[in-house]
Amino acid sequence: MNNHRFNGSLINHLVCSKCNTFFDHQVVQTFATCCNVPLSAEYDLRNQSIKEIIANDYSMWRYHFALPILDSSNIVSLNEGYTPISHLNKLSNQLSLNALYLKDESVNPTGSFKARGLSMGVSKAKELGIKRMVIPTAGNAGGAMSAYCAKAGIEATVVMPKHTADTLKEECRLYGANLIQMDGLIDLCGKKAREIAASTGAFDMSTMKEPYRLEGKKTLGYEIAEQFNWELPDIIVYPAGGGTGLIGIWKAFKELVSMGAVKGLLPKMVLVQSVECSPMVHLFNDGQLPINYSPKPSAALGLAVPYPFATAMMLAVLKESNGIALTVTEEEMEMGVEAIAKIEGVLLSPEGAATYKATQKLFELGWVKNTDKVLLVNTGSWYKYR
Ligand SMILES: Cc1ncc(COP(=O)(O)O)c(C=O)c1O
């Protein structure tokens, strides 16, 4: 039962993720205009005992103490989070890995982990009195925003690539959102969303240009820690587009460290992208995009983000965690979906399957050892890509 019996939020302020300039969390904020980078929420977690402040709530709101909503009556929830972690024992045996686990985000409301970020973003928007919002999306975030806006009574406009699967478009319409389709990738949708925001006054919910979706995604990290009894896995493999999940999980771990809540080393973070659109892999390997950079759509819709806003924050996660970035091909993702379905009985999104194929590659390279405890994040539901 979700009774939202919270201890309250310990938020202090927002800071520029580059120069640490303070921003007030009690007024509407976008990104850190001083350095043109994302904002980051800071909490007063010193001297807090994690076990005493977790709320008696079986959704992501059990970590309300580390979330930005001041008045719990503003929470717009469809019971997101608290998703299962399973041991993929047959696949572990096949790969000769001791322990391969799956965090399955497909069971979230609206079928993806985007529910976490949008529950948070819409709740904070409600708290700050925002009445209409617009989002550029590869698909899943648009559906999630539409659902939470429907629940909150906020007007929603979603800007999505035309090539996106029909289910992802139809759900936005069913949730009552205004859907605009663009001939191109999410960067073009972002441009259109900015124009709509400027001409209508709608709030722009673009990834990492709004400070609170990250806080929702952060709950993934808190959950992973709690589900592993505060001893984190050795490696976490994450399919990255705009990077909120990767950055959020790492932010959670650092907050948990500041509270003395986790034991042992922090995981190495692995960032996976499609070879069709892999700006982060280029930046990680070469420090720049290639001269002939020509990003293309991917079956893993959420990974086709040609120019993410939070590149520095993603690279910092990889550096601090001794992580790595790599690509998989479209064929590998397709094969991954089938292989896992046949042996484990679970259907992953193409993004989720990318994490499995990346792990296989890293194992073959010796980067993943057979003694490692590895966690794959399946960020969405296969059923939405029809
Ligand atoms: C299923 C799925 N996986 C991964 C991603 C990438 O998410 P992030 O922005 O957190 O990197 C998306 C984004 O649209 C998605 O829908």
Side-chain angles (χ1 to χ4, degrees), residues 38 83 102-118 120-121 135-146 158-161 163-165 167-169 171-172 185-187 189-190 205-210 212-221 236-252 269-274 277-281 297-311 313-315 317-318 325 328 333 336-337 347-356 358 376-385:
T83 58
L102 180 75
K103 174 90 171 145
D104 192 2
E105 289 287 294
S106 70
V107 300
N108 271 305
T110 72
S112 87
F113 75 146
K114 296 284 174 184
R116 295 178 189 265
L118 271 308
M120 191 64 59
I135 192 168
T137 175
N140 282 314
M145 193 186 91
S146 305
V158 175
V159 192
M160 201 183 276
H163 64 256
T164 304
T167 312
L168 287 155
K169 294 177 188 166
E171 68 169 342
C172 296
L185 291 173
I186 196 171
D187 51 326
C189 301
M205 287 289 272
S206 291
T207 302
M208 299 301 284
K209 291 189 174 167
E210 175 281 340
Y212 302 109
R213 287 174 61 188
L214 176 65
E215 296 304 290
K217 293 281 188 77
K218 182 182 82 179
T219 59
L220 258 171
I236 296 181
V237 192
Y238 179 83
T244 40
L246 183 90
I247 299 163
I249 291 171
W250 192 247
K251 185 171 191 282
M269 301 297 290
V270 178
L271 180 158
V272 188
Q273 297 198 301
S274 162
C277 182
S278 52
M280 292 314 302
V281 181
S298 165
L301 298 165
L303 306 191
V305 182
Y307 304 99
F309 186 54
T311 51
M313 290 173 94
M314 280 192 264
L315 291 173
V317 171
L318 297 180
V328 295
M333 281 188 251
V337 171
L347 273 174
L348 305 190
S349 60
E351 292 85 347
T355 65
Y356 160 60
L376 312 180
V377 186
N378 179 38
T379 42
S381 164
W382 178 88
Y383 295 96
K384 293 190 77 180
Y385 291 65

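Ligands are counted one by one from 1 in listed order, and the atoms in each one are counted from 1 as well. As the structure is a computational prediction, the values presented were derived from the model and not from experiment.
- In terms of N/O distances under 3.5 Å, ligand 1 is not approached by Gly380.
- The structure places NZ of Lys209 at 9.5 Å from OG1 of Thr207, a figure rounded to the nearest 0.5 Å.
- Looking at heavy atoms from C-beta onward, Val305 lies out of side-chain contact with Met280 at the 4.5 angstrom threshold.
- Here atom 6 (C) of ligand 1 lies nearest to Gly241 when heavy atoms of Pro308, Ser112, Gly139, Gly241 are compared.
- The shortest contact between atom 2 (C) of ligand 1 and any protein heavy atom is with Thr379 OG1, 3.4 Å.
- Each of the following atoms of ligand 1 lies closer than 4.0 Å to a heavy atom of Gly243: 8 (P), 9 (O), 10 (O), 11 (O).
- Those atoms of ligand 1 with a heavy atom of Asn140 less than 4.0 angstrom away are 1 (C), 15 (C), 16 (O).
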### Query
Given Thr83 and Asp104, is the side-chain contact (heavy atoms from CB on, under 4.5 Å) satisfied, shown in steps?
CA-CA 6 Å; Thr83 58; Asp104 192 2; 5.7 Å; no
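- For atom 9 (O) of ligand 1, the closest non-hydrogen atom on the protein side is Gly242 N, 3.1 Å.
- Of the listed residues (Thr355, Ile249, Leu220), just one forms a side chain to side chain contact (heavy atoms under 4.5 Å, CB included) with Lys103, and that residue is Leu220.
- Ligand 1 places these atoms under 4.0 Å from at least one heavy atom of Tyr385: 1 (C).
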#### Entry: Stepwise side-chain hydrogen bond (donor to acceptor under 3.5 Å, both in side chains) check, Thr219 with Arg116
CA-CA 8 Å; Thr219 59; Arg116 295 178 189 265; 3.0 Å; yes
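- With ligand atoms numbered from 1 in the order given, ligand 1 contributes 10 (O) to contacts under 4.0 Å with heavy atoms of Lys217.
- For Leu303, no nitrogen or oxygen atom sits less than 3.5 Å from a nitrogen or oxygen atom of ligand 1, counting backbone and side chain alike.
- Ion pairing between a basic and an acidic side chain is recognised when a charged N comes within 4.0 Å of a carboxylate O; Lys114 and Glu105 show no such pairing.
- Listed by number with element, the atoms of ligand 1 under 4.0 angstrom from any heavy atom of Glu351 are 1 (C), 2 (C), 3 (N), 4 (C).
- Listed by number with element, the atoms of ligand 1 under 4.0 angstrom from any heavy atom of Pro239 are 4 (C), 6 (C).
- Any N or O atom pair closer than 3.5 Å counts here, and Tyr238 shares at least one such pair with ligand 1.
- Set against the non-hydrogen atoms of Thr244, the atoms of ligand 1 under 4.0 Å away are 8 (P), 9 (O), 10 (O), 11 (O).
- At the shortest separation from atom 7 (O) of ligand 1 among protein heavy atoms lies Phe113 CZ, 3.3 Å.
- Atoms of ligand 1 lying under 4.0 Å from any heavy atom of Ala240, numbered from 1 in the order shown and given with element: 11 (O).
- Screening Arg213, Glu210, Met160 for a side chain to side chain contact (heavy atoms under 4.5 Å, CB included) involving Ile135 leaves a single residue, Arg213.
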